[in-house]
Colleague: 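I have a structure I would like to understand better, so I am pasting it below and will then ask my questions one at a time.
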Amino acid sequence: MNWRIAADTGGTFTDCHALDPQGRESRCKVLSTGHLRATLSNRGIPAPSEGAKNGPDTFLSGLPPLPNGLLRGFSIRSLTHHASRLITSHDENGQITLDSPPPAEWHTGALVELFTGEEAPVLGTRILTNTPPGAAFPPMQLRIATTRATNALLERKGSRIALFITQGFGDLLHIGDQRRADLFALRHEPRPIFHELACEVPERVSVEGEVLTPLDEAAVRASALDAIAKGITTAAVCLMHGHAHPQYELRVGEILRECGFTHVVLSHQTAAFAKLLPRAQSTVADAYLHGPVQSFLNAIRTVSPAMQVMTSAGGLKTADDIRPKDMLLSGPAGGAIGAANFARRLGFEQIITLDMGGTSTDVARIAGRPGYRFTQDVAGMKLLAPSVHIETVAAGGGSICRMTHHGLAVGPESAGSHPGPACYGKGGPLTITDVNLLLGRFDPSKAPIPLDVNAARQRLRELHAQTDGTLSENELLHALLRLAVEHMTDAIRRISIGEGYDPADHALLAFGGAGPQHACAVAESLGIRTILVPQHAGILSAVGLQEAIPERLEEKEYRVPLSQFLSDMSDESDQSDNITRIAELRLRGQDTPLQVEYQNAHDLPQLYREAYQRLFGYPPPSNREIELVSLRTIIREEVRCSRCYPFRSCLSSGGKGVTFKTPAAAGCEQLRRGESCGGG
């Protein structure tokens, strides 16, 4: 058996989990910038005044245990000095030899970073497989989950693209659906636009497929050559009713490639559903993200050419087959899978997940297995992209704590991994990680990188000086912590109470780098009495990625009366655990459908009435016709033997973790490391 490695690249850290050929587990965390952090120790480090006179031998501390020679070929530099050196030898005691004497600024206690110039998953793979730079990686099966697509969309770091759209709709993405993000704001920001050029295509096809205006190929060719002249070689094509009648989209794609476009995305292949606006937005997003996503995947593919990538819906695809728009929530999807599997092994069917990482917190309600949603709101666009039903809130360990004209605020801005929280030592702002560190809520010696407590304390003093002085520094820390907890509980209310479920009927499963730290406070706010903490809480998204099963999603739009659809159906049901069927149903004339999971299609009328009753508190009107909007079938690959998925097999005998009850009394959020709440 080859190595099996799963790497989840988040906004701050990349979590890696591995099984070697003998089935033994190992794990590591590296910064998503692709760097390791260490501290220069006092063993053999020259005094600042002596600097380069003392030769090239240096000692490092704060790194996880690393085998002899692994760091050979890494570059090293100080966080405050950009001059770098090359490591020529390294032993398991942390002693390294440099290719030249260290700069005078490298003194005892200085923070340094080590890097190879590779993406974080490659760095994690080097550590797990003990493969120094220049050596060949062992045979492996590599799986990747990442927020790289989401970050590229939010940070506007995508490809230059041209949008080819039916004549008369060139301003569609500027106008949108005319909804305002903040209804009562005095000033409204313009809608984010991700295409650089809008080219209107003379053509028109009716909803029945009748050609109303023939395609003007000469006009398309002229627009294409104009875009090429401006240096744009990526295109998104979205024509009116193209999802149902794609002949003109296909022809436009052919013309664009003939003119020199290197990447063309067609809407009927990206999101084959009605509604021109979300279909256009989905197509533009997919084209916009192609460059950064492919660059990231290609940099990793050198390690494992046959690597698999997790989709937002929790499935696995090859790097060649996956679409960027389907990767936006791939990391959180891995966490949802890992949480569902862990809870099932402990006998819990109904759970609410709390996945708090460095940049954000993801929450989900899971009943047996994660639910799904088929539209996502990202960066001001509604994307037709299947995903695990997850609510994300900007309240992570890196959420910035600051004073605004409204008062104290936590997030939504994040320090990320560069510069990171103040305690990372790179001049970052005060964050929730710093708050927990200063309150003594975790052991800095157990952190994956060295931490600077004094830097965090200095940022706290600066923030305290901006307040009116009514709170002490310690009270200010607790106030910031309560704000972060409230952000998380609001997100959980949206996916539980907001959808007709009582959070008190669920167990809270806390994971991520900071989830368990805040679990008691969140549970108390919601009336939840049981908290689950997995053994692999810090890297559960990578573990879920390891456990994931390849699957495919089949989608079809109907928009017909449910009774008409059922009259053509045979009376059959499928009890297979490898198939999930989801129908979108609504009352005739409504816009928003409800999702219903089913096995036998003839159960759909009753299942819809139950879902309607649960959500609204009363049954649907009996005189309104139910309409079938769409059907989706998720087909999972059958696991035939434990040899194929050894990690699933080795965990099936029982999950390890911690289960405890929250106390009735408040104050759990004030517990310090090593203290007990005394709850029953």
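Here the structure is a predicted model, which means the values were calculated and not measured. The chain is numbered in sequence order, starting from 1.
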Colleague: Would you sort out whether Thr283 and Asp286 count as a side chain to side chain donor-acceptor pair (under 3.5 Å), showing the intermediate values?
Modeller: CA-CA 5 Å; Thr283 309; Asp286 197 73; over 6 Å; no
Colleague: Is a side-chain donor or acceptor of Arg4 paired with a backbone partner of Gln546 at a separation under 3.5 angstrom?
Modeller: yes
Colleague: When you compare the side chains of Arg257 and Thr262, does any donor N or O come within less than 3.5 Å of an acceptor on the partner?
Modeller: no
Colleague: Is the backbone N or O of Asp452 less than 3.5 Å from a side-chain atom of Tyr424, with the two atoms forming a donor-acceptor pair by type?
Modeller: no
Colleague: Please test Leu276 against Phe169 for side chain to side chain contact (heavy atoms under 4.5 Å, CB included), starting from the C-alpha separation and ending with a verdict.
Modeller: CA-CA 10 Å; Leu276 183 62; Phe169 292 89; 3.8 Å; yes
Colleague: Under a 4.5 Å cut-off applied to non-hydrogen side-chain atoms, are Val265 and Arg323 in contact?
Modeller: yes
Colleague: Could you tell me the separation between the OG1 atom of Thr375 and the CE atom of Met381, rounded to the nearest 0.5 Å?
Modeller: 13.0 Å
Colleague: How far does CD of Gln281 sit from NZ of Lys275, to the nearest 0.5 angstrom?
Modeller: 12.0 Å
Colleague: Would you check if Glu249 and Ser267 make a side-chain contact, meaning some heavy-atom pair closer than 4.5 Å?
Modeller: yes
Colleague: What verdict does the side chain to side chain contact (heavy atoms under 4.5 Å, CB included) test give for Val112 and Leu60, after you've listed the backbone C-alpha separation in whole Å, the side-chain angles of each residue and the deciding distance to 0.1 Å?
Modeller: CA-CA 9 Å; Val112 295; Leu60 301 175; 4.0 Å; yes
Colleague: Strictly by modelled atom types, are Ser32 and Thr9 linked by a side-chain donor-acceptor pair under 3.5 Å?
Modeller: no
Colleague: Counting N and O atoms only, with roles assigned by atom type, does the side chain of Lys29 sit under 3.5 Å from a partner on the main chain of Gly124, one being a donor and the other an acceptor?
Modeller: no
Colleague: Salt bridge or not between Arg85 and Glu113? Use side-chain N to carboxylate O under 4.0 Å.
Modeller: no
Colleague: Could you check whether any side-chain N or O of Thr311 sits under 3.5 Å from a backbone N or O of Ala313, counting only pairs where one atom can act as donor and the other as acceptor?
Modeller: yes
Colleague: Can you check side chain to side chain contact (heavy atoms under 4.5 Å, CB included) on Tyr372 and Ile634, steps first, answer last?
Modeller: CA-CA 10 Å; Tyr372 298 92; Ile634 301 163; 3.3 Å; yes
Colleague: Is Asp320 paired with Arg301 through a side-chain N to carboxylate O contact shorter than 4.0 Å?
Modeller: yes
Colleague: Counting N and O atoms only, with roles assigned by atom type, does the side chain of Thr353 sit under 3.5 Å from a partner on the main chain of Ala364, one being a donor and the other an acceptor?
Modeller: yes
Colleague: Would you say that Ile5 contacts Arg143 through its side chain, given a criterion of any heavy-atom pair below 4.5 Å between the two side chains?
Modeller: no
Colleague: Looking at Phe115 versus His35, is the centre-to-centre ring distance below 6.0 Å?
Modeller: yes
Colleague: Answer yes or no: is there a side-chain heavy-atom contact under 4.5 Å between Leu36 and Val30?
Modeller: yes
Colleague: Salt-bridged, Arg632 to Glu554, with N to O below 4.0 Å?
Modeller: no
Colleague: Determine, stepwise, if the pair Glu196 / Lys230 fulfils salt bridge (charged side-chain N to carboxylate O under 4.0 Å, His left out).
Modeller: CA-CA 10 Å; Glu196 187 171 328; Lys230 294 176 180 177; over 6 Å; no
Colleague: His17 pairs by side chain to side chain contact (heavy atoms under 4.5 Å, CB included) with which of Leu540, Leu545, Ile539?
Modeller: Ile539
Colleague: Which pair of heavy atoms, one from Asp362 and one from Pro332, lies closest together, and at what distance?
Modeller: OD2-CG, 3.3 Å
Colleague: Minimum heavy-atom separation for Cys16 and Leu128, please, with both atom names.
Modeller: CB-CD1, 3.6 Å
Colleague: Is the backbone of Pro192 close enough, under 3.5 Å, to the side chain of Arg156 for a donor and an acceptor to pair up by distance?
Modeller: no
Colleague: When you compare the side chains of Thr318 and Asp321, does any donor N or O come within less than 3.5 Å of an acceptor on the partner?
Modeller: yes
Colleague: Side chains of Thr580 and Arg636: do they bring a donor and an acceptor to under 3.5 Å?
Modeller: yes
Colleague: Taking all non-hydrogen atoms of both residues, which atom of Ala385 and which atom of Gln376 are closest, and how far apart?
Modeller: O-NE2, 3.1 Å
Colleague: Mark yes or no for whether Ser312, through its side chain, and Leu329, through its backbone, hold a donor-acceptor pair below 3.5 Å.
Modeller: yes
Colleague: Would a distance-only check, ignoring hydrogens and angles, find a side-chain to backbone donor-acceptor pair under 3.5 Å from Arg279 to Leu239?
Modeller: yes
Colleague: Where is the tightest heavy-atom contact between Ala542 and Ala6, given as atom of each residue plus distance?
Modeller: O-CB, 3.3 Å
Colleague: CZ of Arg37 to CG of Leu114: how many Å apart, nearest 0.5 Å?
Modeller: 10.5 Å
Colleague: Is any side-chain heavy atom of Leu256 closer than 4.5 Å to a side-chain heavy atom of Arg221?
Modeller: no
Colleague: Show the numbers, then the answer: is there a side chain to side chain contact (heavy atoms under 4.5 Å, CB included) between Trp106 and Ile76?
Modeller: CA-CA 11 Å; Trp106 290 23; Ile76 180 172; 3.7 Å; yes
Colleague: Is there side-chain contact between Val237 and His268, with heavy atoms separated by less than 4.5 Å?
Modeller: no
Colleague: I want to check something: taking the side chain as every heavy atom from C-beta on, are Leu250 and Gln247 in contact at a cut-off of under 4.5 Å?
Modeller: no
Colleague: Of all the heavy-atom pairs spanning Ala415 and Pro429, show the shortest one and how long it is.
Modeller: CB-CD, 3.9 Å
Colleague: Do the side chains of Val122 and Phe137 get nearer than 4.5 Å, heavy atoms only?
Modeller: yes
Colleague: Could you tell me the separation between the CD1 atom of Ile87 and the CG atom of Asp99, rounded to the nearest 0.5 Å?
Modeller: 9.5 Å
Colleague: Using modelled atom types and a 3.5 Å cut-off, is there a donor and acceptor pairing between side-chain atoms of Asp434 and backbone atoms of Thr431?
Modeller: yes
Colleague: Identify the two heavy atoms, one from Gly291 and one from Ser159, that lie closest to each other, and give their separation to 0.1 Å.
Modeller: N-OG, 3.1 Å
Colleague: Ignoring hydrogens and geometry beyond distance, is a side-chain donor-acceptor pair present between Asn341 and Glu547 at under 3.5 Å?
Modeller: yes
Colleague: Checking the side chain of Tyr288 only, and the main-chain atoms of Gly158 only, is there a donor and an acceptor separated by less than 3.5 Å?
Modeller: yes
Colleague: Please determine if Asp20 and Arg24 form a salt bridge, counting it only when a charged side-chain N lies under 4.0 Å from a carboxylate O.
Modeller: yes
Colleague: Among Asp15, Asp8, Ile300, Leu297, which residue meets the side chain to side chain contact (heavy atoms under 4.5 Å, CB included) test with Pro121?
Modeller: Ile300
Colleague: Does the ring of Phe74 carry Arg126 above it, NZ/CZ under 6.0 angstrom from centre and within 45° of its axis?
Modeller: no
Colleague: Could you tell me the separation between the OG1 atom of Thr88 and the CG atom of Leu71, rounded to the nearest 0.5 Å?
Modeller: 11.5 Å
Colleague: If the threshold is 4.0 Å, N to carboxylate O, is there a salt bridge linking Glu119 and Arg148?
Modeller: yes
Colleague: Give, for atom CG of Leu328 and atom OG1 of Thr146, the distance between the pair rounded to the nearest 0.5 Å.
Modeller: 10.5 Å
